[in-house]
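Every chain is numbered from 1, with letters handed out A, B, ... down the list of sequences. All heavy atoms count here, side chains included; hydrogens, waters and symmetry mates do not.
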Amino acid sequence: MTNKRSKLYLLALAPFCLLVLFFEIAPLLTVIVRSFMPEDRIGFTLEQYVAIFSKKLYQQAIFNSVFVSVASALAGIIIAFFAAKAAHAASGKVKSFFLSILNMTSNFAGIPLAFAYIILLGNVGVFIMIGKKYGISALSGFNLYSLTGLLFTYIYFQVPLASLLLIPAFNGIHPQWRESVALLGGSGLTFWRKVGIPALLPSILGTLSVLFANALAAYATAYALLQNNFSLLPIRIQEQFTGDIVQHKEFGSALAVVMMMLMVISIGINNYILKRNREVRG
Amino acid sequence: MKQKKSSAVIIIVICIYLLVPLLLTFLYSVFQQWNDILPSGFTTQYYQQLFTDTRFLTALARTVLISILPILVCTVIVLLAMYVVVVYLPGLDKIMQILCMIPYAIQGVILAVSILSLYADAPEPFSDRLFMLTAAYCVMILPYMYQSVKNNLSAVNAPCLLETAQILGAGKLHAFFRIIVPNILPGIVISMMLSVSMVFGDFVIVNTIGGSYFETAQMYLYKTLFTSGQLSSALIVVLFLTTLLISAGVFSLKNRNKSSER
């Protein structure tokens with residue numbers, strides 16, 4: 001009887017296993033294996049990786065992708081921290097209003113976002129016009145179609161996501177902790193430095209690695225803004241698989257593996273810091 | 001009091017920062033010209049143009065379908081798996097966590113390209129584009145759904161709750177799905193909403209896998225981007241309102257659940 005029951009509950013695990021096996025593990029392995037293969041032949045080679053690191057175009061793609069991802073993730077988490085702190089302190093009505101704004105804008109990414117920023121800061125954008133009319137050179141001289149311009153659009157889509165991920169974590173901050181710190185003579189700043197932020201650190205780091213991965217994988221915003229004129233990893237990968245005339249699936253797979261490694265490194269650093277943090281505190 | 005005020009200021013500033021690009025896109029769609037600081041020539045012609053185009057309406061319907069289906073499927077899959085992990089095999093959580101983290105590393109382009117190149121010539125149902133897309137989106141949102149379910153489970157202290165329920169005579173299945181799940185549902189609904197908006201806004205995956213077989217509103221938008229700025233902005237506004245409707249639907253569902261419990 002117990003045996004039969006044990007088999008029954010395993011059935012609940014089956015859909016998960018099937019999904020993961022067919023649409024996560026199998027495609028992942030295919031990409032990895034293919035990245036070590038020469039084009040149009042069976043065999044083993046490292047030539048695809050040598051090509052990536054010896055060509056300036058692809059080095060630039062890696063640098064640009066990493067820079068824009070790290071910078072936008074950091075900016076996003078800082079803004080989100082204050083957003084979540086404010087939401088936590090606000091009344092229920094204000095908080096739910098704020099949450100709905102965040103939810104609403106969290107899907108404003110990709111092509112719509114690129115389009116909105118073109119209206120705002122593009123060559124004839126509203127802020128550029130204002131800058132020109134009133135002689136504000138910081139505005140009129142702004143170039144949206146650059147690394148900095150791209151960074152601005154990336155920060156925009158990081159903020160709602162980061163805030164939505166951080167707000168629930170603030171529920172774990174009990175008002176009593178604050179009172180205890182105040183009773184012991186600590187200021188608000190002391191509270192956040194010694195109690196609040198350490199308590200939130202797991203959520204902050206987890207969110208940070210989500211943001212990094214989110215920016216690294218972002219494709220549509222950059223593509224709508226700059227088409228193929230800007231070297232970013234996802235754009236270069238897509239090119240290798242969807243070219244109408246020639247496709248370089250093996251080279252594209254190697255690029256994809258490099259991108260995956262970047263994501264894995266960010267997750268690894270996050271886990272390492274978390275573990276060390278736990279050891280120090282324990 | 002001072003704290004309340006400063007938090008209100010922060011919320012207002014962030015809301016303005018987030019809403020300005022949206023507002024401008026809307027204004028752009030209802031004016032014929034925008035060559036100076038202020039636009040001129042109010043019109044609704046771009047919306048009329050959009051809603052008389054059956055190709056667009058079909059694309060929009062496809063988008064709505066593909067944004068809801070994978071989220072429901074994925075939530076059920078994760079909850080079922082979590083039931084086994086929490087109730088019977090807590091040791092499996094480490095493996096499940098790793099499996100649910102992997103999609104981080106194969107997001108977007110990588111996921112789309114690898115699934116397509118693997119199954120494009122495979123037998124049915126794998127080569128079916130809708131099937132492929134649904135599965136791809138399930139994998140895409142897996143980290144978020146898993147993390148959310150897990151965070152919420154630990155927030156309600158699930159093992160403790162389970163034990164209490166069992167002491168009071170509830171079965172394991174009953175305890176998990178009738179006591180723990182309703183408790184964590186509010187938290188999960190938030191990440192479901194987040195997931196719906198992620199899928200709704202996706203372009204890479206649907207463009208790669210769907211291709212010309214499954215044209216969604218995002219792809220329609222990309223095509224109009226280079227032909228008409230105003231039509232694009234009208235389209236962006238419509239897409240946006242549709243997302244809001246989906247979110248509102250989820251919210252009212254959540255509220256109905258709550259009131260029926262009482």
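Proximity to chain B (any heavy atom under 4.5 Å) is shown, for A/Leu255, by neither the backbone nor the side chain. Proximity to chain B (any heavy atom under 4.5 Å) is shown, for A/Pro168, by neither the backbone nor the side chain. Interface remark: A/Leu216 contributes no atoms to any contact with chain B (heavy atom separation under 4.5 Å). For a residue to count as touching a neighbouring chain, one of its non-hydrogen atoms must lie under 4.5 Å from one of that chain's; by this rule A/Ala26 touches chain B with backbone and side chain alike. In this structure, no portion of A/Leu21 lies under 4.5 Å from any heavy atom of chain B. For B/Ile11, the parts lying near chain A are the backbone and the side chain together; criterion is any non-hydrogen pair under 4.5 Å. Contact annotation for B/Asn207: only side-chain heavy atoms (C-beta onward) come within less than 4.5 Å of a heavy atom of chain A. Looking at B/Gln218, both its backbone and its side chain come within 4.5 Å of chain A, counting heavy atoms on both sides. Within the 4.5 angstrom heavy-atom criterion, only side-chain atoms of B/Leu225, from C-beta onward, approach chain A. Using a 4.5 Å cut-off between heavy atoms, B/Leu118 touches chain A through its side chain atoms alone. Heavy-atom distances place the side chain of A/Leu164, and not its backbone, under 4.5 Å from chain B. Within the 4.5 angstrom heavy-atom criterion, only side-chain atoms of B/Leu89, from C-beta onward, approach chain A. Of the atoms belonging to B/Leu27, not a single heavy atom falls under 4.5 Å from chain A. The parts of B/Ile115 that come within reach of chain A are both its backbone and its side chain, each placing non-hydrogen atoms under 4.5 angstrom from that chain. Heavy atoms closer than 4.5 Å to chain A are found in the side chain of B/Thr208, but not in its backbone.
Between the CE atom in B/Met101 and the OG atom in A/Ser209 there is a gap of 6.0 Å [rounded to 0.5 Å]. In this structure, the separation between CE on B/Met198 and CG on A/Leu161 is 7.5 Å, given to the nearest 0.5 Å. Here the OG atom belonging to B/Ser6 is positioned 6.0 Å from the NZ atom belonging to A/Lys85, to the nearest 0.5 angstrom. The CD1 atom of A/Ile119 sits 8.5 Å away from atom OG of B/Ser29, with the distance rounded to the nearest 0.5 Å. Atoms CG and OH, on A/Asn214 and B/Tyr144 in that order, are 5.0 Å from each other to the nearest 0.5 Å.
Interface check for chain A: of the options B/Val20, B/Val84, B/Thr25, the most heavy-atom pairs under 4.5 Å are formed by B/Val84. Highest contact tally toward chain A, considering only B/Ala112, B/Ala155, B/Gly229, is held by B/Gly229 [criterion: heavy-atom pairs under 4.5 Å]. Between chain B and the options A/Ala220, A/Ser100, A/Ala87, A/Ala86, the largest number of non-hydrogen pairs under 4.5 Å is found for A/Ala86. If you tally non-hydrogen atom pairs under 4.5 Å between each of B/Ala81, B/Cys74, B/Gly108 and chain A, the highest count goes to B/Ala81. By number of non-hydrogen pairs under 4.5 angstrom with chain A, the leading residue of B/Leu19, B/Leu111, B/Val199, B/Val78 is B/Leu19. Comparing A/Ile111, A/Val257, A/Ile101 by how many heavy-atom pairs each has under 4.5 Å with chain B, the most go to A/Ile111.
Contact detail for B/Ile14 and A/Ala83: the closest heavy-atom pair is CD1-CB, 3.4 Å. What you find for A/Ala256 and B/Ile110 is that their closest heavy atoms are O-CD1, 3.6 Å. What you find for B/Val109 and A/Gln238 is that their closest heavy atoms are CG1-N, 4.0 Å.
B/Cys15 is listed as a side-chain neighbour of A/Phe97, based on a closest heavy-atom distance under 4.5 Å. The closest side-chain heavy-atom distance from B/Pro21 to A/Tyr117 is below 4.5 Å. The shortest side-chain heavy-atom distance between B/Leu142 and A/Glu24 falls under the 4.5 Å cut-off.
Only one option out of B/Leu80, B/Leu92, B/Ile77 pairs with A/Leu13 in a side-chain contact (heavy atoms from CB on, under 4.5 Å); it is B/Leu92.
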request  = Any chance you could lay out the side-chain contact (heavy atoms from CB on, under 4.5 Å) test for A/Ile25 and B/Ile102, step after step, and finish with the verdict?
outcome  = CA-CA 9 Å; A/Ile25 305 299; B/Ile102 290 175; 4.3 Å; yes

ask   = What do the steps show when you test B/Leu18 against A/Phe108 for side-chain contact (heavy atoms from CB on, under 4.5 Å), and what is the final call?
value = CA-CA 9 Å; B/Leu18 291 173; A/Phe108 199 65; over 6 Å; no

request  = Determine, stepwise, if the pair A/Phe23 / B/Phe131 fulfils side-chain contact (heavy atoms from CB on, under 4.5 Å).
outcome  = CA-CA 11 Å; A/Phe23 290 95; B/Phe131 185 80; 3.7 Å; yes

task = List the steps, then state whether side-chain contact (heavy atoms from CB on, under 4.5 Å) holds for B/Leu22 with A/Met104.
result = CA-CA 10 Å; B/Leu22 275 174; A/Met104 195 170 91; 4.0 Å; yes

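Aromatic pair B/Tyr28/A/Phe115: ring centres closer than 6.0 Å. Aromatic rings of A/Phe22 and B/Tyr119 (six-membered ring for Trp) have centroids beyond the 6.0 Å cut-off, not under it.
Looking at A/Arg34 and B/Ser117, their side chains do bring a donor and an acceptor atom within 3.5 Å of each other.
For A/Phe127, the CZ atom sits in a loose shell: 12 or fewer heavy atoms of surrounding residues, nucleotides or ligands are nearer than 6.0 Å.
Using a distance-only test at 3.5 Å, with no hydrogens or angles considered, no donor-acceptor pair links the side chain of B/Tyr88 to the main chain of A/Tyr9.
The side chain to side chain contact (heavy atoms under 4.5 Å, CB included) search around B/Tyr146 returns B/Met82, B/Asp93, B/Met96, B/Gln97, B/Cys100, B/Lys150, not counting sequence neighbours.
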